[in-house]
Amino acid sequence: MSHSYREATTVVHGNHEKNALGALATPIYQTSTFVFDSAEQGGRRFAGQEDGYIYTRLGNPTTRQLERKIALLEGGEDCVAFSSGMGAISATLLTLLRCGDHIVSDNTLYGCTFSLISETLPRFGVEPSVIDMTDEAAFKAAMRPDTKIVYFETIGNPSMKVIDVEAVAAYAHKVAPGCLVIADNTFATPLLLNPLSLGADVVVHSATKYLNGHGDVVAGFSISRKEIIDKVRMVGLKDITGAVLGPQEAYLILRSLKTLKIRMDTICANTLKIVDFLVRAPQVEKVFFPGLPEHPNYEVAKKELRQFGGMISFEMHSFEAAKKVLNNVKLCVLAVSLGDCETLIQHPASMTHSMCTKEEIEAAGFSDRLIRFSVGLEDPDDLIADLKQAFEAAE
Ligand SMILES: Cc1ncc(COP(=O)(O)O)c(C=O)c1O
């Protein structure tokens, strides 16, 4: 199927392969290994002289169907699936970096990615420069002709900063022609933004979030040119992490993708209503949402995002008030993760970003008064009523 269909069609039919027995749904190939017809055939498959499956860590037909669909959605040549977003991120970075390399990264990242880049990679001789990539001067000062990787989240977790992918990729490639620009597109999803079309080289996802969207799978993807994905699969997945996605999970994501467009449209519309309530609520000090004209990256967000997304952060007047809100919501679910049918509410400073120091949290532009809110598919008026009673309880 060509990429010329509209998104609602692509998420249902995109790259769907007809299978031998004609089943509409993709069969779950629940197998660890694949039987060879002969020793010669096994040898040819290992030597790459014959197409065909060998062992599920190296590939599985259910997972392959999913990879092909995700590659199409992101506009990449190929994709490799992982058993978590962190699996995708670590396998991609460990494949593409070596001792002595330099990486430039944004300072607002999911906590585990942040510690991987700022603490773990230096243990292997990789030198990170962690800066605010919305600060053009800081980014230009950090880039070097030998920089190997530039890494950021298209919408930063949890401060909702929006990176100008086109400008960052153009400058990075000019200064360091061999450098690869990697964008984590988890918050935006391929329906809101396609970083590869703006000049990024690799896109990574936590598919645990919107792509699966039902709170029952942990998964990740890396999408890029075939040559890069082949390397990430054969080194980062096969040899380093072994973080392979199971066929059952691949099936569940394939199933969920069919409703990605209607889920995202409803979530984005619900979010606008909730933002409108939050900016008027006297108990809320500040709302972080890329669709607000006062958001520092509003112009970039307007240029880059097809919709403003389903994630909101907001700061209460005190840490105590934030805690009371979290303890008093009745409909919103107090849990980390995001992108599910249920609205999820959490406290980044003590939860998803608890591995960051106070200074790192400040540099990322938030505080312990911040609440992160992942809007779900409930009626937005019910969510607003729930927040209203929790705000009143916190007063
Ligand atoms: C932006 C972002 N990237 C990556 C991850 C890691 O994904 P996973 O939990 O699937 O390993 C997360 C998790 O919350 C995330 O928010």
Side-chain angles (χ1 to χ4, degrees), residues 29-30 32 55-60 62-71 73-74 76 78-98 103 105 109-121 123-124 126 149 151-154 157 180 182-190 195 200-224 228-254 256-257 336-340 352-353 355:
Y29 287 88
Q30 193 69 43
S32 57
Y55 182 66
T56 282
R57 179 158 43 80
L58 314 182
N60 174 286
T62 313
T63 311
R64 190 65 195 134
Q65 173 78 70
L66 173 62
E67 290 169 344
R68 284 166 43 77
K69 192 162 197 152
I70 295 292
L73 282 169
E74 274 295 7
D78 206 352
C79 164
V80 52
F82 292 89
S83 57
S84 70
M86 283 314 298
I89 293 164
S90 57
T92 303
L93 289 174
L94 291 170
T95 301
L96 301 174
L97 286 166
R98 62 177 60 218
I103 174 171
S105 142
L109 297 175
Y110 169 59
C112 296
T113 314
F114 185 84
S115 56
L116 170 68
I117 291 175
S118 58
E119 279 163 40
T120 307
L121 289 182
R123 284 177 35 218
F124 296 90
V126 173
I149 301 280
Y151 190 97
F152 58 86
E153 293 174 1
T154 50
N157 180 2
L180 294 173
I182 306 182
D184 180 332
N185 203 27
T186 299
F187 275 33
T189 81
D201 299 285
V202 183
V203 171
V204 288
H205 274 282
S206 167
T208 315
K209 319 303 183 203
Y210 294 104
L211 296 178
N212 181 63
H214 291 71
D216 49 11
V217 167
V218 177
F221 297 113
S222 182
I223 305 112
S224 184
I228 292 176
I229 292 304
D230 282 351
K231 250 197 245 169
V232 174
R233 187 188 301 281
M234 295 312 282
V235 180
L237 173 60
K238 179 174 79 66
D239 295 346
I240 303 180
T241 64
V244 64
L245 186 68
Q248 178 78 33
E249 282 74 17
Y251 168 78
L252 286 169
I253 302 171
L254 277 165
S256 299
L257 284 174
V336 295
S337 200
L338 59 111
D340 286 335
T352 48
H353 293 67
M355 58 294 278

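One is the number of the first residue; the rest follow in order along the sequence.
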Just how far is it from atom [atom1] of [X] to atom [atom2] of [Y], taken to the nearest 0.5 Å?
X      : Y      : atom1 : atom2 : value
Met86  : Cys112 : CE    : SG    : 5.5 Å
Leu97  : Tyr151 : CG    : OH    : 11.5 Å
Thr352 : Tyr110 : OG1   : OH    : 7.0 Å
Leu96  : Ile228 : CG    : CD1   : 6.5 Å
Ser224 : Leu180 : OG    : CG    : 7.0 Å
Asp216 : Glu249 : CG    : CD    : 9.0 Å

Ignoring hydrogens and geometry, is there a side-chain-to-backbone donor-acceptor pair from [X] to [Y] under 3.5 Å?
X      : Y      : result
Thr95  : Gly236 : yes
Ser206 : Thr186 : no
Asn60  : Tyr29  : yes
Asp340 : Gly215 : yes
His205 : Ala88  : no
Arg233 : Cys79  : yes
Ser84  : Val218 : no
Ser83  : Ala219 : no
Glu67  : Ala81  : yes

Mind listing the closest non-hydrogen atom pair of [X] and [Y] along with its distance?
X      : Y      : result
Phe187 : Tyr210 : O-CE1, 3.6 Å
Ile117 : Ser105 : CG2-CB, 3.9 Å
Thr56  : Pro247 : CG2-CD, 4.5 Å
Ala91  : Phe82  : CB-CE2, 3.4 Å
Tyr55  : Ser32  : CD1-O, 3.2 Å

Yes or no on side-chain contact (heavy atoms from CB on, under 4.5 Å) for Val202 and Val232, after CA distance, side-chain angles and deciding distance? CA-CA 11 Å; Val202 183; Val232 174; over 6 Å; no

Could you please spell out the steps behind the side-chain contact (heavy atoms from CB on, under 4.5 Å) verdict for Leu257 and Ile70? CA-CA 9 Å; Leu257 284 174; Ile70 295 292; 3.8 Å; yes

Check whether any side-chain heavy atom of [X] lies under 4.5 Å from a side-chain heavy atom of [Y], and answer yes or no.
X      : Y      : result
His353 : Asn157 : yes
Leu93  : Ile103 : yes
Ile253 : Leu245 : yes
Tyr251 : Leu66  : no

Derivation of the side-chain contact (heavy atoms from CB on, under 4.5 Å) call for Leu121 and Leu94: CA-CA 9 Å; Leu121 289 182; Leu94 291 170; 4.0 Å; yes

Side-chain donor-acceptor pair under 3.5 Å between Ser222 and Thr92, yes or no?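 Indeed, the side chains of Ser222 and Thr92 share at least one donor-acceptor pair under 3.5 Å.
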
Side chain to side chain contact (heavy atoms under 4.5 Å, CB included) against Thr154, all qualifying residues, sequence neighbours excluded: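 For Thr154, the residues satisfying side chain to side chain contact (heavy atoms under 4.5 Å, CB included) (neighbours in sequence not counted) are Phe152, Val165, Ala183, Asn185, Ala188, Leu193, Pro195.
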
When you check the gap from the basic side-chain N to the acidic O, do Arg57 and Asp239 get nearer than 4.0 Å?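 Between Asp239 and Arg57 there is no salt bridge, as every charged N stays at least 4.0 Å from the carboxylate O atoms.
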
